[in-house]
Amino acid sequence: MSLKTAAVLWAAAWCTAAAQQIPSEHLLFRELNGAERRLSEYRGRVVVLNFWATWCLPCREEMPLLAGIQKRYAERGVVVIGAAADDESTASQIPGFVQEAGITFPVWKGATTEHMQALGLGTGLPVTALFDQDGHLLFRLLGIIQKKELETRLEFLLGDRHGRQPAALVDRLSKAGEEHHTHGGVGLEGASTVPS
């Protein structure tokens with residue numbers, strides 16, 4: 001077995017183990033109107049959970065891609081959810097950004113570093129977790145999403161899983177030298193760090 005194959009198998013096993021330790025019913029968020037929401041409400045659907053913030057420029061860059069994914073895959077049972085990591089100082093900007101960007105997928109607030117770390121996503125933004133129809137976390141995409149990488153994983157989750165499984169982890173944050181920026185100091189390159 002090659003080193004690359006072993007690494008892919010280890011990452012897949014790690015993702016599966018982590019998914020079993022963090023049931024989606026324990027992840028509590030809030031709609032923009034304040035209503036409580038849990039990922040477990042979407043059991044039976046593939047969920048693309050994207051952690052973002054209004055002050056994170058790379059996050060804003062990938063919103064059109066996520067809106068397109070929701071439009072393209074909704075009829076096949078996929079739901080994109082935007083989990084906003086804005087704190088009280090910027091949360092009021094979320095509705096305006098959602099409207100301006102034409103986002104039609106659910107946007108929740110109250111995302112924290114604890115949510116992200118519990119899912120093995122670290123503390124940098126943007127990051128995305130993909131859950132299968134049974135609520136198991138199978139894929140993590142750290143950094144700005146690449147369309148082909150996301151679509152390949154969605155097709156795997158929606159299709160016959162007997163083919164070659166895509167890598168469980170794509171990490172653009174640490175590969176790019178992960179420059180952490182604090183709230184308000186986000187550039188187009190590097191990751192943004194969620195304030196604790």
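Just so you know, these numbers come straight off a predicted model, no measurement behind them.
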**Student:** Looking only at heavy atoms, which two atoms of Tyr42 and Pro106 are closest? And how far apart?
**Tutor:**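 That would be OH-CG, 3.8 Å.
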**Student:** Applying side-chain hydrogen bond (donor to acceptor under 3.5 Å, both in side chains) as the test, list every pair that has at least one member in residues 102-111; sequence neighbours left out.
**Tutor:**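 For residues 102-111, and leaving out neighbouring residues, there are no side-chain hydrogen bond (donor to acceptor under 3.5 Å, both in side chains) pairs at all.
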**Student:** Which of these, Arg43, Arg37, Arg45, Arg38, sits in a side-chain hydrogen bond (donor to acceptor under 3.5 Å, both in side chains) with Glu41?
**Tutor:**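 Only one of Arg43, Arg37, Arg45, Arg38 forms a side-chain hydrogen bond (donor to acceptor under 3.5 Å, both in side chains) with Glu41, namely Arg37.
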**Student:** Heavy-atom distance under 4.5 Å between the side chains of Trp52 and Ile94, does that happen here?
**Tutor:**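 In short, these two side chains touch, coming nearer than 4.5 Å.
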**Student:** Would you indicate whether the side-chain heavy atoms of Phe105 and Val78 approach each other to under 4.5 Å?
**Tutor:**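 No, their side chains stay 4.5 Å or more apart.
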**Student:** Give me the atom names and distance for the closest heavy-atom approach of Ala53 to Leu125.
**Tutor:**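 What the structure gives for the nearest pair is CB-CD1, 3.9 Å.
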**Student:** Within this structure, what is the CG-CD1 distance for the pair Leu66 and Ile103, rounded to the nearest 0.5 Å?
**Tutor:**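 Spacing of CG (Leu66) from CD1 (Ile103) equals 8.0 Å.
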**Student:** Would you call Arg76-Glu155 a salt bridge at under 4.0 Å N-O?
**Tutor:**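 A salt bridge is present here (some side-chain N lies under 4.0 Å from a carboxylate O).
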**Student:** May I ask you to decide if Leu157's main-chain N or O and Gln133's side chain share a donor-acceptor pair within less than 3.5 Å?
**Tutor:**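 Judged by distance alone, yes, a pair lies under 3.5 Å.
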**Student:** Minimum heavy-atom separation for Ile145 to Glu62, with atom names?
**Tutor:**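 Shortest heavy-atom contact: N-OE1, 2.9 Å.
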**Student:** Test side-chain contact (heavy atoms from CB on, under 4.5 Å) on Val127 and Leu173 and set out the steps.
**Tutor:** CA-CA 9 Å; Val127 290; Leu173 296 182; 3.9 Å; yes
**Student:** Keeping Asp134 on the side-chain end and His136 on the backbone end, is there a donor-acceptor pair under 3.5 Å?
**Tutor:**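 Checking the backbone N and O of His136 against the side chain of Asp134, no donor-acceptor pair under 3.5 Å is found.
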**Student:** From Thr112 OG1 over to Gln117 CD, what is the distance, rounded to the nearest 0.5 angstrom?
**Tutor:**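 Going from the OG1 atom of Thr112 to the CD atom of Gln117 covers 8.5 Å.
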**Student:** Hey, does Phe156 have a side-chain heavy atom less than 4.5 Å from the side chain of Val46?
**Tutor:**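 Side-chain contact under 4.5 Å: no.
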**Student:** Measuring only between side-chain heavy atoms, which start at C-beta, is Leu137 closer than 4.5 Å to Leu49?
**Tutor:**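 No, side chains not in contact.
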**Student:** Using a 4.5 Å cut-off on heavy atoms from C-beta on, say whether the side chain of Leu141 contacts that of Arg172.
**Tutor:**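 Sidechains of Leu141 and Arg172: no contact.
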**Student:** Looking at Ala35 and Asn33, what are the two nearest heavy atoms and their distance?
**Tutor:**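 For Ala35 versus Asn33, the nearest heavy atoms are N-OD1, 2.9 Å.
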**Student:** Measuring only between side-chain heavy atoms, which start at C-beta, is Val48 closer than 4.5 Å to Gln70?
**Tutor:**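 When only atoms from C-beta onward are counted, Gln70 and Val48 do not touch, as no gap falls below 4.5 Å.
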**Student:** Do Leu138 and Leu130 make a side-chain contact, defined as non-hydrogen atoms from C-beta onward lying under 4.5 Å apart?
**Tutor:**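 A side-chain contact under 4.5 Å is absent here.
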**Student:** Kindly determine whether Glu61 and Leu57 satisfy side-chain contact (heavy atoms from CB on, under 4.5 Å), including the steps that lead there.
**Tutor:** CA-CA 6 Å; Glu61 266 184 25; Leu57 295 180; 5.7 Å; no
**Student:** Side-chain contact test, heavy atoms from C-beta onward, threshold under 4.5 Å: evaluate it for Asp86 versus Gln93 and give yes or no.
**Tutor:**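 No, side chains not in contact.
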**Student:** For Phe51 and Cys59, work out which heavy atoms get closest and say how close.
**Tutor:**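 Closest approach of Phe51 to Cys59: O-SG, 4.4 Å.
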**Student:** How many angstroms lie between CD1 in Ile69 and OG1 in Thr128, if you round to the nearest 0.5 Å?
**Tutor:**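 Here the rounded value is 10.5 Å.
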**Student:** What distance separates Leu119 CG from His115 NE2, expressed to the nearest 0.5 Å?
**Tutor:**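 It is 8.5 Å, given to the nearest 0.5 Å.
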**Student:** Using 0.5 Å steps for rounding, measure from the OG1 atom of Thr123 to the CG atom of Leu142.
**Tutor:**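 Answer for the OG1-CG pair, Thr123 versus Leu142, is 10.5 Å.
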**Student:** Heavy atoms only: give me the nearest Thr54-Arg60 pair and the separation to one decimal.
**Tutor:**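 Here Thr54 and Arg60 meet closest at O-NH1, 2.9 Å.
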